[in-house]
Undergrad: 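Next up is a structure, given as structure tokens.
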Amino acid sequence: MSAIRHALSVKREDDFAQWYQEVISAADLAEESGVRGCMVIKPWGYGIWERIQRLMDDRIKAAGVQNCYFPIFIPLANFEREASHVEGFAKEMAVVTHHRLIADGKGGLIPDPEAKLEEPLVVRPTSETIIGDAMARWIQSWRDLPLLTNQWANVVRWEMRTRMFLRTSEFLWQEGHTAHADAEDALSETHRALEMYRACAEDDLALPVIAGEKPENERFPGALETWSIEAMMQDGKALQAGTSHYLGTNFAHAAGIQYQDKEGGQQYCHTTSWGVSTRLIGGVIMTHGDDDGLRVPPRIAPHQVVILPMLREKPEDEALLAYCEELRAMIAQESTLGEPVRVLLDKTPGKAAAKRWDWVRKGAPVIIEVGGRDMEGGKVSLLRRDRLWGEGGKPAFSYPQRDEAVQSMTQLLADIQAALFNEARERRDANITRDITTMEELSAFFGEENRYPGWVEVDWSRPSGEALDKVVEQLKSLKLTIRNVPKDAGPASGTCIFTGNKAVEKIVVARAY
RNA sequence: CGGGGAGUGGCGCAGCCUGGUAGCGCAUCUGUUUUGGGAACAGAGGGUCGCAGGUUCGAAUCCUGUCUCCCCGACCA
């Protein structure tokens with residue numbers, strides 16, 4: 001029995017799905033739009049996305065990739081060219097068929113039958129085909145390679161079941177598309193992107209991930225290899241947080257992406273594509289959220305420090321605001337994690353104690369409250385969001401001198417960033433089980449009693465085709481999926497848990513979002 | 001898309017079975033008193049009850065359709 005009065009009404013352990021919904025509304029991240037599967041991303045949520053964008057974009061550009069923008073509409077014929085790609089996406093396409101509305105005579109509007117498009121346009125679910133077209137125009141010679149492009153865009157996939165940030169019909173992402181002279185070069189790019197995602201997830205979002213190759217049945221439609229980073233959520237499920245694909249020459253054949261090599265012969269390019277999306281925000285929520293709301297890692301927090309003056313609507317407020325403004329300016333002079341500290345002086349009317357809880361729910365890493373007594377003593381009241389509660393169920397304030405608080409900010413924010421990562425990593429490591437060697441054990445492990453069982457790493461023989469289908473079917477009955485073959489896992493030594501054959505590698509098996 | 005649940009002031013809900021023109025808590029606004037930890041009291045504002053049809057003298061309530069959300073499943077990067 002705890003005396004703590006939490007800022008949310010639902011606890012993670014009581015109803016994780018409902019808790020997730022509450023964090024999104026309580027932290028003011030996003031709201032429903034009235035359009036199926038589409039959400040309005042509100043300033044705090046979009047601010048987090050802008051931070052992710054900025055940090056990722058820096059990494060992308062550092063790798064020599066250039067940003068472009070391609071159309072949202074793709075001609076149907078263009079989309080049809082790559083067979084398995086079509087098969088993968090056909091079921092979830094938004095299609096534009098008309099270009100004009102007319103009155104229906106009942107006060108409403110309908111698409112004008114006279115204005116039907118000769119060829120329907122599909123709303124991009126991803127842009128391999130249309131970018132492939134451009135690549136075919138842009139690439140002539142081996143000197144044009146590698147061609148490294150990226151775009152930040154929205155895409156639409158008509159999902160059957162949607163969840164805010166995790167799976168929405170429309171979402172925001174970046175999609176990198178590259179063309180190379182040979183497989184080796186393209187594979188190297190596939191891995192560079194994967195490692196970039198791992199670094200961004202771990203260093204920027206404080207999400208520990210496992211990077212590895214997806215099994216054949218989970219490949220991107222049209223890809224020869226699909227690699228992913230997988231993050232463990234607090235309910236033990238896996239979230240695919242980013243993917244990187246080696247597409248071989250499949251799309252090059254479909255779009256005619258060819259170059260003349262040094263010997264004068266025509267060669268098909270080897271292409272890659274890779275992306276991360278607003279789904280990452282869902283991963284941040286389910287990794288760092290607690291029973292008081294979100295906890296935003298400092299690197300991606302729109303405001304890292306929020307100052308709340310304890311205003312009383314009296315003349316002495318002026319001096320207090322001046323004291324806080326000085327504090328704000330001093331903190332803004334400091335740097336942390338390689339950037340100037342982002343600090344907000346929240347002067348909106350209202351009591352500081354009430355506003356504090358809004359910022360707790362939003363997850364600002366550091367909250368500083370300043371009252372008249374603090375000012376007199378040259379102090380501030382400081383609260384770490386990642387260590388919110390102290391003795392007796394009260395917020396764990398510390399009361400440093402103002403100068404001391406300013407000087408501590410560089411280290412404090414770096415500490416919070418590290419603490420969130422370490423907490424998540426320890427939780428993940430504690431929840432990966434490696435000693436399961438039979439299907440019976442696996443089945444028992446994921447039985448009813450074990451609510452948040454986490455992940456299991458097992459040996460397998462990498463079956464293919466129908467043999468793999470059987471394995472997938474077995475796992476499905478336990479609601480499990482193969483997440484990936486971790487790059488960093490040790491060599492397999494035993495026998496395949498599914499087939500009994502000699503194991504060739506290890507896989508991670510888990511329930512997934 | 002199948003099964004289940006739900007849409008009533010900003011948020012959370014009651015009312016619906018047994019039709020009679022809308023209520024509670026929180027939040028908001030105003031005032032007073034408070035004031036170092038999510039203030040108290042008093043008063044006030046705010047809703048064509050998701051939308052569209054239908055039944056009826058009369059519909060939040062009954063019927064039909066439709067949209068959206070949540071949970072489970074199927075599907076899926």
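So you know, we letter chains A, B, ... as the sequences are listed, proteins then strands, and number each from 1. The structure presented is a predicted model; accordingly, all values stated were derived computationally and were not measured.
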Undergrad: Taking NZ, NE, NH1 and NH2 as the nitrogens, is one of them in A:Arg511 or A:Asp235 under 4.0 Å from a carboxylate oxygen of the other?
TA: no

Undergrad: Looking across every strand, which nucleic acid part, if any, lies under 4.0 Å from A:Tyr20 by heavy atom: base, sugar-phosphate, or nothing?
TA: nothing

Undergrad: Taking the six-membered ring of A:Tyr323 as reference, does the cationic atom of A:Arg402 (NZ for Lys, CZ for Arg) lie under 6.0 Å from its centre and within 45° of its axis?
TA: yes

Undergrad: Quick check with a 6.0 Å cut-off and a 45 degree axis cone: is A:Lys379 positioned over the face of A:Tyr399's six-membered ring?
TA: no

Undergrad: What is the separation between atom CG on A:Asp358 and atom P on B:rC26, rounded to the nearest whole Å?
TA: 18 Å

Undergrad: Need one value for A:Arg219: base, sugar-phosphate or nothing, where a base atom within 4.0 Å counts as base even if backbone is also close, heavy atoms only.
TA: nothing

Undergrad: Could you tell me how far apart A:His177 (NE2) and B:rA77 (C1') are, to the nearest whole angstrom?
TA: 12 Å

Undergrad: For A:Arg12, does its backbone N or O pair with a side-chain atom of A:Asp291 as donor and acceptor, under 3.5 Å?
TA: yes

Undergrad: Take atom CD of A:Glu316 and atom P of B:rG36, then tell me their distance rounded to the nearest Å.
TA: 13 Å

Undergrad: Could you label the plane-to-plane angle of the A:Phe220 and A:His245 rings as parallel, tilted or perpendicular, counting under 30° as parallel and over 60° as perpendicular?
TA: parallel

Undergrad: Is any side-chain N or O of A:Lys476 closer than 4.0 Å to OP1 or OP2 of B:rC75?
TA: yes

Undergrad: Before you tell me yes or no, could you show the steps for A:Ser273 and A:Leu247 under side-chain contact (heavy atoms from CB on, under 4.5 Å), namely the whole-Å CA-CA distance, both residues' side-chain angles and the distance that decides it to 0.1 Å?
TA: CA-CA 7 Å; A:Ser273 66; A:Leu247 305 172; 3.8 Å; yes

Undergrad: Can you check the A:Glu31 CD to B:rC11 P distance for me, whole Å?
TA: 9 Å

Undergrad: My understanding is that a pair needs two contacts under 3.5 Å, Watson-Crick or G-U wobble. By that rule, which nucleotide pairs with B:rC16?
TA: none

Undergrad: Measure from the side-chain N and O atoms of A:Arg219 to the backbone N and O of A:Leu224, and report whether any donor-acceptor pair falls under 3.5 Å.
TA: yes

Undergrad: Between B:rC49 and B:rU21, how far apart are the P atoms? Round to whole Å, please.
TA: 14 Å

Undergrad: Whole Å only: how far is the NZ atom of A:Lys351 from the P atom of B:rU33?
TA: 15 Å

Undergrad: What is the per-nucleotide protein-contact pattern of nucleotides 65-72 of chain B, from the 5' end, where B denotes a base atom under 4.0 Å from a protein heavy atom, S denotes such proximity for sugar-phosphate atoms only, and - denotes neither?
TA: ---SSSSB

Undergrad: Classify the side chain of A:Arg167 and the base of B:rC76 as holding, or not holding, a donor-acceptor pair under 3.5 Å.
TA: yes

Undergrad: By the 4.0 Å heavy-atom rule, please label A:Pro395 as base, sugar-phosphate, or nothing.
TA: nothing

Undergrad: Across all strands shown, which nucleotide pairs with B:rU56 by Watson-Crick or G-U wobble geometry, both distances under 3.5 Å?
TA: none

Undergrad: When both hydrogen-bonding distances must be under 3.5 Å and the geometry is Watson-Crick or G-U wobble, what is B:rU61 paired with, if anything?
TA: none

Undergrad: Is A:Arg328 salt-bridged to A:Glu325, going by a charged N under 4.0 Å from an acidic O?
TA: yes

Undergrad: Among the candidates B:rU35, B:rG36, B:rA74, find the nucleotide nearest to the side-chain atoms of A:Tyr399.
TA: B:rG36

Undergrad: What's the gap between B:rG53 and B:rU61 when it is taken at their P atoms, as a whole Å value?
TA: 14 Å

Undergrad: I need the single residue from A:Val305, A:Val370, A:Val366 that forms a side-chain contact (heavy atoms from CB on, under 4.5 Å) with A:Leu382. Which is it?
TA: A:Val366

Undergrad: Tell me which residues in residues 368-383 of chain A put a heavy atom below 4.0 Å from RNA chain B, sorted by number, or none.
TA: A:Glu369, A:Gly371, A:Gly372, A:Arg373, A:Asp374, A:Ser381

Undergrad: Could you please name the option among B:rC76, B:rC75, B:rA77 that lies closest to any side-chain atom of A:Glu92?
TA: B:rC76

Undergrad: Just the rounded figure in Å: distance from P of B:rC29 to CD of A:Glu313.
TA: 10 Å

Undergrad: Who is the Watson-Crick or G-U wobble partner of B:rA74, with both distances under 3.5 Å?
TA: none

Undergrad: Rounded to whole Å, how long is the line connecting atom CH2 of A:Trp158 with atom P of B:rA77?
TA: 18 Å

Undergrad: Across all strands shown, which nucleotide pairs with B:rU68 by Watson-Crick or G-U wobble geometry, both distances under 3.5 Å?
TA: B:rA6

Undergrad: Think A:Arg385 forms a cation-pi with A:Trp359, using NZ or CZ under 6.0 Å from the six-ring centre and within 45 degrees of its axis?
TA: no

Undergrad: Quote, to the nearest angstrom, the C1' distance that separates B:rU34 from B:rA42.
TA: 15 Å

Undergrad: Between A:Arg36 and A:Glu170, does at least one N-O distance fall below 4.0 Å, as a salt bridge requires?
TA: no

Undergrad: Name the pairing partner of B:rA42, where a pair is Watson-Crick or G-U wobble with both distances under 3.5 Å, or state none.
TA: B:rU30

Undergrad: Just how far, in rounded Å, is C1' of B:rA74 from CD of A:Glu473?
TA: 12 Å

Undergrad: Checking base pairs now: Watson-Crick or wobble, both atom distances under 3.5 Å. What partners B:rA22?
TA: none

